[in-house]
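One structure is given here, and the rest of the page talks about it.
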Amino acid sequence: MSKDYSALTENFIQKVIDQDREEKKYGGQVHTRFPPEPNGYIHIGSAKAILINYGLAQANGGKFNLRFDDTDPTKEEEEFVESIIEDIKWLGADWEDRLFFASDYFDKMYECAVQLIKDGKAFVCDLSQEEIREYRGTLTKPGKESPYRERSIVENLDLFERMKAGEFPTGNRVLRAKIDMASPNMNMRDPVIYRIQHNPHFRTGDKWCIYPMYDYAHPLSDAFEGITHSLCSLEFEDNRPLYNWFLENLDFPEPPQQIEFARLNISHTVMSKRKLRRLVEGGHVNGWDDPRMPTICGLRRRGYTPEAIWDFCDRSGVAKSNSLVSIAQLEHCIREDLNIRAPRVMAVLDPLKVIIENYPEGETEYLDSEINPEQPELGKRKLPFSRELYIEKDDFREDPPKKFFRLGPGREIRLKDAYYIKCVDYKKDPETGEITELRCTYDPETKGGWSEDGRKVRGTAHWVSAPQAVSAEIRIYNHLFNSENPEEEGDFLEDLNPDSLEIVSGCMVEPGLKKSGPGDRFQFLRKGYFNRDPVEAKKGNLVFNRIVPLRDTWAKMQKKKD
RNA sequence: UGGGGUGUGGCCAAGUGGUAAGGCAAAGGACUUUGGAUCCUUUAUUCCCAGGUUCGAAUCCUGGCACCCCAGCCA
């Protein structure tokens with residue numbers, strides 16, 4: 001990441017860092033971490049958390065760790081650590097040699113728990129799960145102390161060791177911190193810090209049958225790694241006093257500090273792992289890497305670039321208010337990026353055959369076309385031109401409406417980088433009324449798409465030479481949900497956009513596209529940005545995903561009329 | 001009815017007592033061999049509301065209101 005991320009230098013977290021550095025807290029160092037639980041795929045909301053952590057470390061000459069928070073063996077799998085690593089690498093955040101797992105610290109955490117017991121600050125509780133809940137009280141009523149709260153230190157030590165030794169079944173007992181059952185903060189009502197779980201862990205195997213809870217494991221992991229600023233999302237604000245409690249009572253000098261920020265929400269999609277899982281498992285999308293998903297693997301397959309994703313995360317800012325960022329913002333970022341880097345190419349999605357009556361039969365000539373007008377130094381490519389072409393069905397109207405600058409009976413337009421053509425006749429299916437073929441003439445004096453006589457030709461169409469054209473499938477993606485915020489009450493699945501995927505087959509694309517590789521991105525002139533679907537490419541299929549359409553002022557005008 | 005947060009234009013978001021940055025969206029125009037891109041211009045007399053302090057308040061004080069989070073042996 002070499003770009004300057006302005007929001008990162010303006011947000012409230014940076015201000016905390018500035019002050020800490022001024023006071024020489026943490027020796028003036030900044031050390032952050034990204035702590036995913038390996039229980040699913042990461043999404044663009046996680047990407048923002050990564051950017052904030054990694055970016056803030058970079059901006060302050062600090063370090064960034066990747067640490068898997070693997071404290072619940074019933075939910076976590078090796079498969080997810082691999083996919084998360086792949087995704088973060090692709091995003092470009094660099095943890096160097098600092099890849100850690102909370103499970104690396106299980107021994108040290110156990111020792112700390114023993115210390116808490118010795119200090120009379122933790123106890124083994126025999127209450128059942130239901131009883132613990134009852135004893136906890138409610139939001140407005142204080143809880144009751146557990147009858148096991150005053151057990152002797154010796155007994156607690158013995159019981160905890162036997163918990164570890166596997167003497168008790170899953171869920172039989174827990175270790176709890178002794179804090180305050182009357183605290184208005186539910187997290188401080190003698191929270192559970194260890195539970196029994198006879199379940200093999202993907203990293204530690206059968207070594208443990210007791211596992212630490214997040215609230216306990218997280219501050220300790222941070223402290224063990226020398227993290228200075230532990231950034232997390234807003235819902236952990238109430239956990240902060242507990243985070244601090246463990247570090248204070250375990251006597252960590254210069255403990256890390258937790259700072260919370262609002263997680264990213266984007267309109268017309270969902271971000272919670274639970275909902276994403278429902279989309280996948282319910283078959284509403286085709287897997288975690290479905291190009292409609294806000295997962296990193298989905299966005300990658302869709303054709304998004306890491307640069308665009310980071311630019312988007314940066315632009316959406318870092319603050320503490322819950323917000324819903326418009327998906328238009330994301331689309332703007334990828335357009336801006338791809339406008340500069342994507343080679344231009346012509347593809348006709350809905351082909352209409354055009355015969356150029358005055359063009360010699362059997363002849364082919366090769367015309368020059370710019371690879372990318374934003375990068376003229378890239379030069380030009382050769383495009384075949386012949387008597388039979390395809391243009392977009394959309395680019396012809398029998399009765400052209402006002403301000404329609406394209407083809408109609410007797411009208412003339414320009415074929416991009418080729419010639420002016422004039423429509424002299426057309427064929428129509430008598431049954432359906434569908435236009436099936438255009439007969440046109442071309443003006444040989446307009447080669448390259450230009451004439452010296454000052455003729456005004458408003459419209460320019462993209463086209464492809466029929467004999468050389470290659471057939472392809474194109475997948476058009478639209479917003480996954482109809483409403484801005486499908487997370488709002490009610491069944492979010494009912495809000496699914498039935499047209500989020502349109503498969504268009506029989507598209508005609510310029511021949512050079514045959515040589516494209518998996519994931520290659522292009523601008524299909526006048527249509528949008530597309531990439532060669534990497535999964536289909538591996539099977540040898542020529543399939544393109546629409547990343548995002550081009551801004552289309554004609555379409556906008558039409559829409560306004562409705 | 002307990003606790004923790006947040007409220008600045010359609011959507012994000014700066015601003016920290018001196019007279020409302022920026023981006024997206026929207027609208028108008030210029031240019032154009034992509035109805036793309038680019039370039040101009042316009043869009044909050046006002047910062048959730050009501051009082052108060054002050055020469056001066058989005059910023060300070062008081063009192064309301066709205067929204068989000070917390071009662072997993074999940075994270």
Side-chain angles (χ1 to χ4, degrees), chain A residues 6-7 10-11 15 35-37 39 69 71-72 74-76 125 127-129 132-134 136-143 170-176 182-189 191-197 210-211 213-215 217-218 232-241 260 262 267 273 312 314-333 335-336 339-340 344 346 369-370 373-374 403-406 414-418 420 446 448-450 457-462 484 523-528 549-557:
Chain A
S6 56
E10 275 184 25
N11 67 66
K15 291 203 174 78
E37 183 185 14
N39 70 343
D69 215 335
T71 56
D72 185 353
T74 64
K75 293 186 175 159
E76 297 146 5
C125 184
L127 253 24
S128 70
Q129 199 165 160
I132 286 182
R133 190 182 319 131
E134 284 161 22
R136 187 153 34 222
T138 69
L139 295 177
T140 50
K141 278 200 295 268
T170 294
N172 187 68
R173 267 164 239 255
V174 293
L175 183 71
R176 292 225 255 169
S183 172
N185 182 345
M186 300 295 288
N187 292 302
M188 302 299 271
R189 320 245 261 227
V192 172
I193 61 185
Y194 266 93
R195 74 283 211 183
I196 299 172
Q197 191 66 254
I210 56 172
Y211 293 93
M213 300 287 289
Y214 165 85
D215 281 312
H218 206 84
C232 64
S233 46
L234 252 28
E235 66 266 33
F236 292 101
E237 281 182 310
D238 289 343
N239 300 55
R240 189 172 62 227
E260 311 83 9
S267 73
K273 267 188 197 170
F312 168 75
D314 180 53
R315 288 186 199 222
S316 62
V318 182
K320 293 197 69 152
S321 60
N322 289 310
S323 59
L324 184 65
V325 180
S326 169
I327 199 164
Q329 183 98 230
L330 214 209
E331 294 170 343
H332 168 81
C333 291
R335 275 194 202 104
E336 192 176 73
N339 176 47
I340 303 298
R344 314 283 123 127
M346 291 202 269
S369 189
E370 228 172 358
E374 304 294 329
K403 293 202 172 167
F404 184 83
F405 307 140
R406 310 175 191 177
R414 167 170 41 238
L415 293 181
K416 172 76 176 166
D417 294 323
Y420 294 175
T446 58
W450 183 249
V457 178
R458 243 350 246 287
T460 301
H462 57 103
E484 267 205 329
Q523 184 196 98
F524 287 2
L525 239 52
R526 300 209 298 143
K527 283 293 163 186
L550 247 29
R551 281 183 57 201
D552 188 343
T553 51
W554 168 249
K556 206 177 279 178
M557 281 163 61

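The chains referred to below are lettered A, B, ... by the order of the sequence lines, with proteins before strands, and numbering in each begins at 1.
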Practice prompt. Figure out the CD/P separation between A:E370 and B:A37, and round it to whole Å.
Written response: 16 Å
Fill in: Inter-nucleotide C1' distance (B:U16, B:C74), Å rounded
38 Å
Response to the item:
Taking a pair to mean Watson-Crick or G-U wobble geometry with both distances below 3.5 Å, B:A14 pairs with none
Fill in: Non-neighbouring partners of A:R173 that pass side chain to side chain donor-acceptor pair (under 3.5 Å), sequence neighbours left out
A:D126
Practice prompt. Return no unless some side-chain N or O of A:K15 is found under 4.0 Å from OP1 or OP2 of B:G15.
Written response: yes
Item to complete: Using side chain to side chain contact (heavy atoms under 4.5 Å, CB included) as the criterion, list what pairs up with A:M188, not counting sequence neighbours.
Response: A:I179, A:S183, A:N185, A:P241, A:L242, A:W245
Practice prompt. State the pairing partner of B:A26; accept Watson-Crick or G-U wobble contacts with both distances under 3.5 Å, and report none otherwise.
Written response: B:U42
Worksheet item: Can you tell me how far C1' in B:C12 sits from the matching atom in B:A26, rounded to whole Å?
Response: 15 Å
Practice prompt. Kindly give the heavy-atom pair with the smallest separation between A:E76 and A:T71, and that separation in Å.
Written response: OE1-N, 3.3 Å
Discussion item. For a quick test of reading the model: is some side-chain N or O of A:R526 closer than 4.0 Å to OP1 or OP2 of B:G35?
Written reply: yes
Worksheet item: Hey, does A:F312 reach any base, or is it just sugar-phosphate, or nothing, if we go heavy atoms under 4.0 Å?
Response: nothing
Discussion item. Once you apply a heavy-atom cut-off of 4.0 Å, does A:P241 come out as touching a base, just sugar-phosphate, or nothing?
Written reply: nothing
Fill in: Inter-nucleotide P distance (B:U46, B:C40), Å rounded
29 Å
Discussion item. If the condition is side chain to side chain donor-acceptor pair (under 3.5 Å), which residues does A:Q129 pass it with, not counting sequence neighbours?
Written reply: none
Discussion item. Measuring only the P atom in each nucleotide, how far is B:C67 from B:C24? A whole number of Å is fine.
Written reply: 32 Å
Discussion item. Tell me if B:G72 is syn or anti. Syn = glycosidic torsion within 90° of 0, anti otherwise.
Written reply: syn
Worksheet, complete the sentence: By side chain to side chain contact (heavy atoms under 4.5 Å, CB included), A:A182 pairs with (sequence neighbours left out) A:P142, A:D180
Worksheet item: Going from CG on A:N239 to CG on A:N187, what distance comes out if it is rounded to the nearest 0.5 angstrom?
Response: 4.0 Å
Worksheet item: Can you list the residues that meet the side chain to side chain contact (heavy atoms under 4.5 Å, CB included) rule with A:P184, with sequence neighbours excluded?
Response: none
Item to complete: Nearest whole angstrom, please: distance from the C1' of B:U34 to the CG of A:L525.
Response: 4 Å
Response to the item:
Contacts of A:E37 meeting side chain to side chain donor-acceptor pair (under 3.5 Å) (sequence neighbours excluded), chain-then-number -> A:N39
Item to complete: Identify, between A:S323 and A:T553, the residue whose nearest nucleotide on RNA chain B lies closer to the 5' end.
Response: A:S323
Worksheet, complete the sentence: Atom CD of A:E260 and atom C1' of B:G4 are separated, to the nearest Å, by 10 Å
Discussion item. Under 3.5 Å, is there any donor-acceptor pair linking the side chain of A:E374 to the base of B:G36?
Written reply: yes
Response to the item:
Looking only at heavy atoms, the pair that brings A:R344 and A:L525 closest together is CB-CD1, 3.5 Å
Worksheet item: Taking the same atom, C1', in B:C68 and in B:C73, what whole-Å distance lies between them?
Response: 27 Å
Worksheet entry | Integer angstrom distance from the P of B:A14 to that of B:G51 | 29 Å
Worksheet item: Base, sugar-phosphate alone, or nothing: which one does A:V457 contact when heavy atoms must sit under 4.0 Å apart?
Response: nothing
Worksheet item: By side chain to side chain contact (heavy atoms under 4.5 Å, CB included), which residues pair with A:R195, not counting sequence neighbours?
Response: A:D72, A:V174, A:Y211, A:M213
Worksheet item: Across all strands, who's sitting opposite B:C67 as a Watson-Crick or G-U wobble pair, both distances under 3.5 Å?
Response: B:G5
Fill in: Rounded interatomic separation in angstrom, taking CD from A:E484 and P from B:C11
8 Å
Listed pairs under 3.5 Å, donor-acceptor, residues 316-326 of chain A side chains, sequence neighbours left out:
unit_1 : atom_1 : unit_2 : atom_2 : d
A:S316 : OG     : A:K48  : NZ     : 3.2
A:S316 : OG     : A:F312 : O      : 3.4
A:S316 : OG     : A:C313 : O      : 2.9
A:K320 : NZ     : A:E237 : OE2    : 2.7
A:S326 : OG     : A:A328 : N      : 3.1

Practice prompt. Rounded to the nearest angstrom, tell me the gap between atom CD in A:E237 and atom P in B:G2.
Written response: 19 Å
Item to complete: Taking atom C1' in both B:A13 and B:A20, compute the distance separating them and give it to the nearest angstrom.
Response: 13 Å
Discussion item. Can you measure A:M557 atom CE to B:G36 atom P for me and round it to whole angstrom units?
Written reply: 11 Å
Practice prompt. Name the nucleic acid region contacted by A:K416, choosing base, sugar-phosphate or nothing; use a 4.0 angstrom heavy-atom cut-off, strictly under.
Written response: base
Item to complete: Grab the CZ-P distance between A:F405 and B:U32 for me, whole Å please.
Response: 14 Å
Discussion item. Both A:T140 and A:R406 contact RNA chain B. Taking the nearest nucleotide for each, which residue is further toward the 5' end?
Written reply: A:T140
Practice prompt. Check whether any side-chain heavy atom of A:Q523 lies under 4.5 Å from a side-chain heavy atom of A:L550, and answer yes or no.
Written response: yes
Worksheet, complete the sentence: Nucleotide by nucleotide, nucleotides 69-75 of chain B touches protein heavy atoms under 4.0 Å in the pattern (B base, S sugar-phosphate only, - none) BBBSBSB
Worksheet item: Where do A:R526 and A:K416 land on the side-chain contact (heavy atoms from CB on, under 4.5 Å) test, with the steps shown first?
Response: CA-CA 11 Å; A:R526 300 209 298 143; A:K416 172 76 176 166; over 6 Å; no
Discussion item. Rounded to whole Å, please give me the gap between CG in A:D314 and C1' in B:C12.
Written reply: 12 Å
Worksheet item: Does A:R335 have any side chain to side chain donor-acceptor pair (under 3.5 Å) partners at least two apart in sequence or in another chain, and if so, which?
Response: none
Discussion item. Base contacts versus sugar-phosphate-only contacts with protein, heavy atoms under 4.0 Å: please encode nucleotides 25-31 of chain B as B, S and - from 5' to 3'.
Written reply: -SS----
Worksheet item: How far, in whole Å, is B:C61 from B:U53 if one measures between their C1' atoms?
Response: 7 Å
Under 3.5 Å between N/O atoms: give me all the protein pairs with nucleotides 7-9 of chain B, atom names plus distance.
none

